[in-house]
**Student:** 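Right, I'll just put the structure down here and ask away after.
Chain identifiers are assigned alphabetically (A, B, ...) following the order of the sequence lines, protein sequences preceding nucleic acid strands; residue numbering begins at 1 within each chain.
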Amino acid sequence: MDLFPLYNSLRVASISTFVTFFAGICAAHYIARAPRAVKGVLDCVLTLPMVLPPTVVGFFLLKTIGPYGPVGSVVLDLWGFRLIMAWYSAIFATTIVTFPLMYRTVRGAFESFDRTLLYSGQTLGLSGTFIFWRITLPNCKQGILAGTVLSFARALGEFGATTMVTGYIPGRTATISTAVYQFWREGNDSLAYKWVAINLAISFLVLTTVNMLENRYDKPKHARAAPADTQ
Amino acid sequence: MSLYVKIKKTYTDFTLEAEFEAQNETMALLGASGCGKSLTLRCIAGIVRPDEGLIVSNGVTLFDSRKGINLSPQRRRVGLLFQNYALFPNMTVEGNIKAVLSKHGGRKNLHERFGRLARNFYFEGLENHYPSQLSGGQQQRVALARIMASDPSLLMLDEPLSALDSYLRWQLEDELARTLEGFPGDALYVSHNRAEARRLCDRVCVIDHGRFERARPTDELFESPETLASALLSGCKNYSRACRLTDGTVRAADWNLDLECSKTAPSGISHIGVRAHYISIVPADAETADGHGAANSFRCSVLKVTEDVFSTIVNVCPLGADPARDFSRIRAELPKGAAGAVKEGDVVLAVIRPDDIMPLRANVPIPASAKCDTI
């Protein structure tokens with residue numbers, strides 16, 4: 001059995017999770033403190049990929065990074081390679097689809113973060129950078145980890161947008177989810193079952209991890225009574 | 001060492017107008033919850049930006065809306081002790097304090113300076129504990145030490161004792177008193193607890209719905225509160241709407257009584273207040289015992305007798321007053337045994353010394369209908 005789809009899926013999911021990890025934290029950090037109107041609009045735009053059908057995301061991607069799209073054509077002219085129908089094309093698709101998961105989970109963590117910790121850091125003379133890296137992030141750790149694991153899981157299972165921009169080329173662009181589809185179409189049920197089993201195992205592992213993280217997040221180890229925030 | 005604050009901050013349903021001055025002292029900001037005490041501290045610390053005004057601490061302008069000055073919290077040198085102490089939960093005691101120490105004074109002698117704080121604030125041996133592993137008292141000591149590590153010129157304590165149970169409170173109050181005594185700068189102590197303010201502070205500023213009253217020495221507030229809000233905060237329990245009849249007499253409308261009052265009633269009085277333990281109850285047939293005649297003695301019916309821990313509480317209503325009205329009930333707190341065999345339904349004689357009647361004015365203008373003849 002050719003394990004390339006497993007390898008490719010893990011590779012694509014890892015890279016796109018790496019990207020959404022930073023992008024999601026940055027977006028959450030900025031939007032959690034943005035004025036209400038800005039927050040509403042940006043929140044809608046950034047969450048959109050979560051509710052849109054993946055085929056719509058794939059369609060937009062094809063129109064943008066395809067050889068005739070505004071981005072794809074420039075890359076093709078300048079460096080001579082295509083952004084679609086390659087293994088890395090899936091990274092664009094999975095990054096966009098998983099971004100809202102990361103962003104929303106982390107934003108929730110930032111918003112439930114006890115702001116008096118931030119204020120006390122400021123009055124004690126600690127810099128904004130120190131407060132963000134050494135106080136805010138560590139205290140939102142569980143939320144950030146949960147968001148990362150969820151994004152990774154979603155990236156592993158992404159099918160719609162991925163298949164539109166990568167197609168199915170055995171040994172080059174095949175992923176677990178596209179492999180299952182392909183083997184079923186070919187009537188190769190025994191192989192399809194094997195990939196389904198692999199998929200189930202990975203999903204189970206991921207969900208167990210998320211549950212463990214979220215339980216810890218609900219009851220943080222260092223929990224204390226919420227402050228009475230008068231005005 | 002001085003602090004001058006005059007700020008205004010408006011929200012849709014609340015306006016804070018703070019104005020006070022502190023000079024080498026511990027000043028209490030006393031008020032009911034939601035009156036703007038904590039907000040004032042947050043404005044001084046730079047966490048909340050006032051709409052307009054001026055804040056000057058030890059000659060340094062922290063905020064001036066006219067000149068466009070608004071120093072960041074980091075540059076204000078203001079130590080703020082939060083009600084929940086706000087220790088960083090992801091760092092040990094040592095991490096919490098060293099983070100601040102190395103910011104103020106660098107890494108030189110870091111360990112010695114840390115050791116000195118640990119000794120002064122009695123948390124030696126707890127260096128590697130996380131805040132969640134500390135008791136409330138230990139957390140407070142560490143939080144105070146952390147503030148001292150930042151070398152503040154002004155210390156502000158936001159209800160530091162209100163989250164604790166009563167036994168621990170006493171212990172921590174003593175330690176706070178020690179810290180406040182040893183602190184060279186000014187300190188602001190926010191509380192809704194009058195007794196704490198009286199024990200820990202030199203002067204007190206009463207805040208009523210966002211408005212600051214004149215700052216006064218703490219004992220003066222308890223001897224002769226001037227306004228209804230300060231009388232309430234000083235723990236006075238009996239009030240009646242009132243107006244001045246002559247220099248020495250007032251009419252207590254809710255009690256339907258004319259009373260002698262030896263304190264000069266200011267022209268704008270709206271209420272009188274009498275502390276519960278200054279009211280004596282004698283049997284109705286007895287002549288008034290201490291012989292000051294019939295001054296301010298009146299017949300009442302006993303509504304309820306309650307045994308408290310160290311006293312007996314007798315609720316009465318003057319015979320001429322309507323018990324259904326809000327202010328008509330009078331609460332007398334008598335030492336155990338002094339109430340004798342008084343029981344519900346009895347008619348007794350209540351006596352209030354003219355000295356003990358406190359003329360008060362309301363902060364809000366009284367409606368025109370509330371004149372003597374109509375209330």
**Student:** Answer yes or no: is there a donor N or O on one side and an acceptor on the other, between the side chain of B:Q139 and the main chain of B:V142, under 3.5 Å?
**Tutor:** no

**Student:** With chain B, which of A:G125, A:P138, A:S127 has the greatest number of heavy-atom pairs at distances under 4.5 Å?
**Tutor:** A:G125

**Student:** Checking B:A149 against chain A: side chain, backbone, both or neither under 4.5 Å from a heavy atom?
**Tutor:**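 Interface part for B:A149: neither.
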
**Student:** B:R141 and B:N120: side-chain donor and acceptor closer than 3.5 Å?
**Tutor:** no

**Student:** Below 4.5 Å from any heavy atom of chain A, which atoms of B:R146 appear? Answer side chain, backbone, both or neither.
**Tutor:**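 Both parts, backbone and side chain.
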
**Student:** Pick from B:Q133, B:M91, B:R76: which one has the most heavy-atom pairs with chain A under 4.5 Å?
**Tutor:** B:M91

**Student:** Let me know if B:V100 has heavy atoms under 4.5 Å from chain A in its side chain, its backbone, both or neither.
**Tutor:**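 Contact with chain A is through both the backbone and side chain of B:V100.
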
**Student:** Within this structure, what is the NZ-CG distance for the pair B:K37 and B:L188, rounded to the nearest 0.5 Å?
**Tutor:**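 Rounded to the nearest 0.5 Å, the NZ-CG separation comes to 13.5 Å.
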
**Student:** With a 4.0 Å cut-off on N to O distance, would you call B:E94 and B:K98 a salt bridge?
**Tutor:**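 Yes.
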
**Student:** Using the rule given for side chain to side chain donor-acceptor pair (under 3.5 Å), can you reason through A:D114 versus A:T116, listing the C-alpha separation, both sets of side-chain angles and the distance that settles it, and then say yes or no?
**Tutor:** CA-CA 6 Å; A:D114 177 1; A:T116 56; 2.6 Å; yes

